[in-house]
Amino acid sequence: MDDASQLVIYVMSLTINGLIVGEISNQSVSLRPVLGAYELCFSLKITMNPKRDHERRVTIFGARVRLSNDRGVSLDVGFAQPEQPIELRQYDHAHPMSCFLVQSLHPGQLAELERVRDGGNIAFQLQVSGVGTETDEYGAQSVYDMLHFRVPRSEWIESLRTAGAKNILLLEVPVPLVDPPEELAAAGKDLQQAVVHYQHGDYRSCVGMCRTVLDEIGRKRFDSKKDWASPLLMRLANDRTGMVRGEREAAVWAAVRHYAHPAHHAVSDGGEQFYSRAEAQLILATVAALVGFAVSDIP
């Protein structure tokens with residue numbers, strides 16, 4: 001797979017009524033962390049040509065961003081906006097300036113971007129939009145042009161590392177059962193309530209509700225008996241090498257339920273009073289993933 005050593009430079013012309021008034025070129029693409037998310041930053045170099053008979057001005061509103069991978073698969077990312085207003089005007093002499101267009105990315109979007117990149121190089125296409133004005137009878141004219149950024153794999157991975165995203169496994173775990181089948185309606189309600197507990201910082205209740213979800217779906221998925229988990233844990237302890245794939249999956253469900261079980265009981269009955277955010281996150285993400293996997297099997 002190709003991995004060019006540096007960013008390829010592309011230049012596009014800014015035109016008003018067919019007259020080239022300046023040029024835009026790509027400088028770099030970077031990823032930077034912000035609170036709970038990331039920003040995709042496109043650095044541009046803009047050079048306005050000297051004015052001729054009269055002055056012309058350009059205002060850049062932003063750019064529609066698309067990405068594509070080495071196989072040509074593309075995805076609409078969103079609309080990148082100027083970090084600061086981009087107001088350009090002609091003078092007697094050419095003058096360059098640098099500016100940034102910024103696209104916000106939440107972790108799920110970055111995870112999808114990585115899925116599309118699929119370990120290869122990445123390319124961004126920016127459809128820059130704005131308005132150009134003249135001081136004569138022509139007035140204002142829309143400005144639309146394309147700018148391309150091809151980012152080598154090594155540079156993009158370095159951007160992920162610098163932003164702290166390379167050390168995070170970017171897997172989006174959706175919360176399933178938002179509109180569940182009738183037989184899973186109760187479990188869907190409980191899973192949504194577990195999310196609410198997590199968001200409010202009630203981690204013990206979050207873990208306890210996750211255990212209820214596992215109970216409800218576990219009985220339907222593995223056995224109609226009330227205590228479906230204990231036999232699976234016994235099998236894991238006594239004959240783990242003899243377990244087939246389905247039994248090993250069931251043992252994962254039973255083990256997670258076993259971990260969450262103390263949150264469902266009072267302290268005097270062997271229950272746990274305190275769970276950290278990290279513990280609640282571990283259980284909630286695992287349960288959501290397990291339930292999503294189970295629901296995908298339902299015809």
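Evaluation of the ring-ring contact (aromatic ring centres under 6.0 Å, His included) test over residues 74-95, restricted to residues two or more places apart or in two chains, returns Tyr91-His95.
With respect to the salt-bridge test (charged N to carboxylate O, under 4.0 angstrom), the residues Arg57 and Glu87 do not qualify. Contact check on Asp76 versus Arg64 returns a salt bridge, with a Lys/Arg side-chain nitrogen under 4.0 Å from an Asp/Glu carboxylate oxygen. Taking the charged nitrogens against the carboxylate oxygens, Arg153 and Glu114 have no contact shorter than 4.0 Å, which rules out a salt bridge.
Each of Asp215, Thr286, Leu284 was evaluated against Cys210; a single residue qualifies, Leu284, per the side chain to side chain contact (heavy atoms under 4.5 Å, CB included) test.
Every residue was checked against the side chain to side chain donor-acceptor pair (under 3.5 Å) condition with Asp145, not counting sequence neighbours, and none meets it. Evaluation of the side chain to side chain donor-acceptor pair (under 3.5 Å) rule for Tyr275 yields no partner, not counting sequence neighbours. Residues satisfying the side chain to side chain donor-acceptor pair (under 3.5 Å) criterion with Thr47, sequence neighbours excluded, are absent altogether. Residues forming a side chain to side chain donor-acceptor pair (under 3.5 Å) with Gln81 (at least two apart in sequence, or on another chain): none.
Under the 4.5 Å side-chain criterion, counting only non-hydrogen atoms from C-beta, Lys51 is in contact with Asp92.
Annotation: Met97, atom CE; neighbour count of heavy atoms from other residues, nucleotides and ligands within 6.0 Å is above 12. In this structure, Arg240 places its CZ atom where only 12 or fewer heavy-atom neighbours from other residues, nucleotides or ligands lie under 6.0 Å away.
Members clustered with Phe61: Val131, by chain and number, using a 4.5 Å side-chain heavy-atom cutoff among hydrophobic residues.
A donor atom on one side chain and an acceptor atom on the other are found under 3.5 Å apart for Glu279 and Tyr259.
Between Phe42 and Phe124, the ring planes are perpendicular. Angles over 60° get that label, and only those under 30° would be called parallel.
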